[in-house]
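Heads up: the structure comes next, in structure tokens.
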Amino acid sequence: METKIFSEGQIDDAVKLLAAGELVAFPTETVYGLGAIATNEKSVKGVYAAKGRPSDNPLIVTVSDAEMMAKYAKEVPERAQKLIKHFWPGPLTILLFVKPGSLPSAVTGGLDTVAFRCPDDPLTHDLIAKLGSPIVGPSANTSTKPSPTTAQHVYHDLKGKIAGIIDGGEARVGLESTIIDLSVANPVVLRPGEITPEELSAVLGEEVLINTGKVSDQAVPKAPGMKYRHYAPAAAVMVVDDAKDFAQINFDETTGVMALDSELAKIAAPKENKFSLGQNLVDADHQLFGGLRYFDDKKNIKQIFVQGFSGSEATLAYMNRLNKAAAGHHYQAK
Ligand code: TXA
Ligand code: MG
């Protein structure tokens, strides 16, 4: 299958493909998503096949506005209304009870909840509004690989497997949306993102819990995707929590390093094995997945040392993704 690249003026072509049951990747402010009409079971199954995704890992339902969402939610509690008013369109995914029978079970993985997201991207808003139906929206990468932050990343992973990609340029945030569960007594963040628990708590006027990890030991994990190997490049990844430890590491042609410019300048390593995470944490969020992909294309690299961050809730999303990429491996200072 030929994978077409669509630009801003070609949204109608992408709408036609989706309406016909085809798969089309779309831009969002977080990462690129892989779209298929959410009410078409066959198309939704095609998304799992194209990504190589385990079938018990449910998909986000991407809507153009809260009105569209309401058709698929059992109810829209006041908490959800508050968050939608404040954060949508934006990088917040809200977990609610699904309206029974409104979506194929392939979307929800058989759970009684569904995750709703309304991205802040004009092309994708236009796409869904014109289609008149929600689209599923997992990240548009091959399962286990870093999420795509450019149309080129999507093309690299899925060319020949999907009908099209809408090129909306580089994703602004670079890490996936915050997921908040509102189907439980107390709101819980299941996946950290740009919007922090603190910000959610301020809008809700109540405590917001965080549970991004321990899911694999639960019978029915709350965010099934969190239990799978993720963001894993070909090389082994090691988190360097304290940047001054970079000085202890011997870099050679088999090692890569990803760090802020200020640290990178002090490191003696071959230039092509250094990847800049930019000037600050916001840049690092934006660059993390691109850096992991950069080293995937360099077959000589066996290990990648990546700068870690700590000290505020704003680091939660970055460290969550990095820890998964590193399978929990942190550099131990000598
Ligand atoms: O920023 C994002 O959210 C991106 C863009 C494309 O919108 N999408 C994304 O989708 O990250 P995905 O499928 O890669 O990650 C969604 C996560 C998975 O870990 C999945 O298990 C969880 O959300 N999830 C989806 N539906 C759920 C449900 N009903 N209950 C619990 N977790 C759910
Ligand atoms: Mg994903």
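Residue numbers count from 1 along this sequence. Order of listing sets the numbers, starting from 1, for every ligand and every atom in it.
Each of the atoms 6 (C) of ligand 1 lies under 4.0 Å from some heavy atom of Gly33. Every atom of ligand 1 with a heavy atom of Arg191 under 4.0 Å away is listed here by number and element: 2 (C), 3 (O), 9 (C), 11 (O), 15 (O), 16 (C), 17 (C). Close approach of ligand 1 to Pro138 (heavy-atom distance below 4.0 Å) involves ligand atoms 10 (O), 12 (P), 13 (O). Applying the 4.0 Å criterion to heavy atoms of Glu176 picks out, from ligand 1, the atoms 1 (O), 2 (C), 11 (O). Taking a cut-off of under 4.0 Å to the non-hydrogen atoms of Ser177, the atoms of ligand 1 that pass are 1 (O), 2 (C), 3 (O). Taking every non-hydrogen atom of Arg117 and a distance limit under 4.0 Å, the qualifying atoms of ligand 1 come out as 1 (O), 2 (C), 3 (O), 5 (C), 7 (O). Atoms of ligand 1 lying under 4.0 Å from at least one heavy atom of Tyr32, given by number and element, are 6 (C). Below 4.0 Å from some heavy atom of Gly137 lie the following atoms of ligand 1, by number and element: 6 (C), 7 (O), 8 (N), 9 (C), 10 (O).
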**Message:** Could you go through Val136 and Thr62, starting from their C-alpha distance and side-chain angles, then the distance that decides it, and tell me whether this counts as side chain to side chain contact (heavy atoms under 4.5 Å, CB included)?
**Reply:** CA-CA 6 Å; Val136 292; Thr62 319; over 6 Å; no
**Request:** Please step through salt bridge (Lys or Arg N to Asp or Glu O under 4.0 Å) for the pair Lys82 and Glu206, ending with a clear verdict.
**Result:** CA-CA 12 Å; Lys82 279 189 192 168; Glu206 63 182 312; over 6 Å; no
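By the ring-ring contact (aromatic ring centres under 6.0 Å, His included) test, Tyr294 pairs with Phe275, sequence neighbours left out. Checked against ring-ring contact (aromatic ring centres under 6.0 Å, His included), Phe246 has no partners two or more places apart in sequence or in another chain.
The shortest heavy-atom distance from Thr108 to ligand 1 is not under 4.0 Å. For the pair Phe26 and ligand 1, no heavy-atom separation below 4.0 Å is found.
The proximity of Thr62 to ligand 1, defined as any non-hydrogen pair under 4.0 Å, does not occur for either the backbone or the side chain. Counting heavy atoms closer than 4.0 Å to ligand 1, residue Glu29 contributes nothing at all. Under 4.0 angstrom from ligand 1, the non-hydrogen atoms of Ile179 all belong to its side chain. Contacts between Leu111 and ligand 1 below 4.0 angstrom, taking non-hydrogen atoms only, involve the side chain exclusively.
The pair Asp296-Lys145 meets the salt-bridge criterion, since a charged nitrogen lies less than 4.0 angstrom from a carboxylate oxygen. The existence of a salt bridge linking Lys4 and Glu22 is excluded, since no basic side-chain nitrogen approaches an acidic carboxylate oxygen closer than 4.0 Å. Salt-bridge check for Arg321 with Glu176: passed, with a basic side-chain N closer than 4.0 Å to an acidic carboxylate O.
At under 3.5 Å, a nitrogen or oxygen of Thr113, whether backbone or side chain, sits near a nitrogen or oxygen of ligand 1.
The closest non-hydrogen atom to atom 9 (C) of ligand 1, taken over Pro54, Ala140, Gly110, Ser139, comes from Ser139.
Side-chain contact, Arg293 with Thr149: no donor N or O sits under 3.5 Å from an acceptor N or O. Residues Glu253 and Asn273 bring no donor and acceptor atom of their side chains to less than 3.5 Å of each other.
Centroid-to-centroid, the aromatic rings of Phe26 and Tyr32 stay 6.0 Å apart or farther. Taking the centre of each ring, Phe251 and Phe305 come in below the 6.0 Å mark.
Residues in residues 85-109 take part in these side-chain hydrogen bond (donor to acceptor under 3.5 Å, both in side chains) pairs, two or more places apart or across chains: Thr93-Ser177.
Listed for the Asn323 side chain is a donor-acceptor partner under 3.5 Å among the backbone atoms of Met319.
The CG atom of Leu277 sits 8.0 Å away from the CG atom of Leu264 when rounded to the nearest 0.5 Å.
For the Mg ion (ligand 2), the nearby protein N/O/S atoms, meaning those under 2.8 Å, are Ser139 OG.
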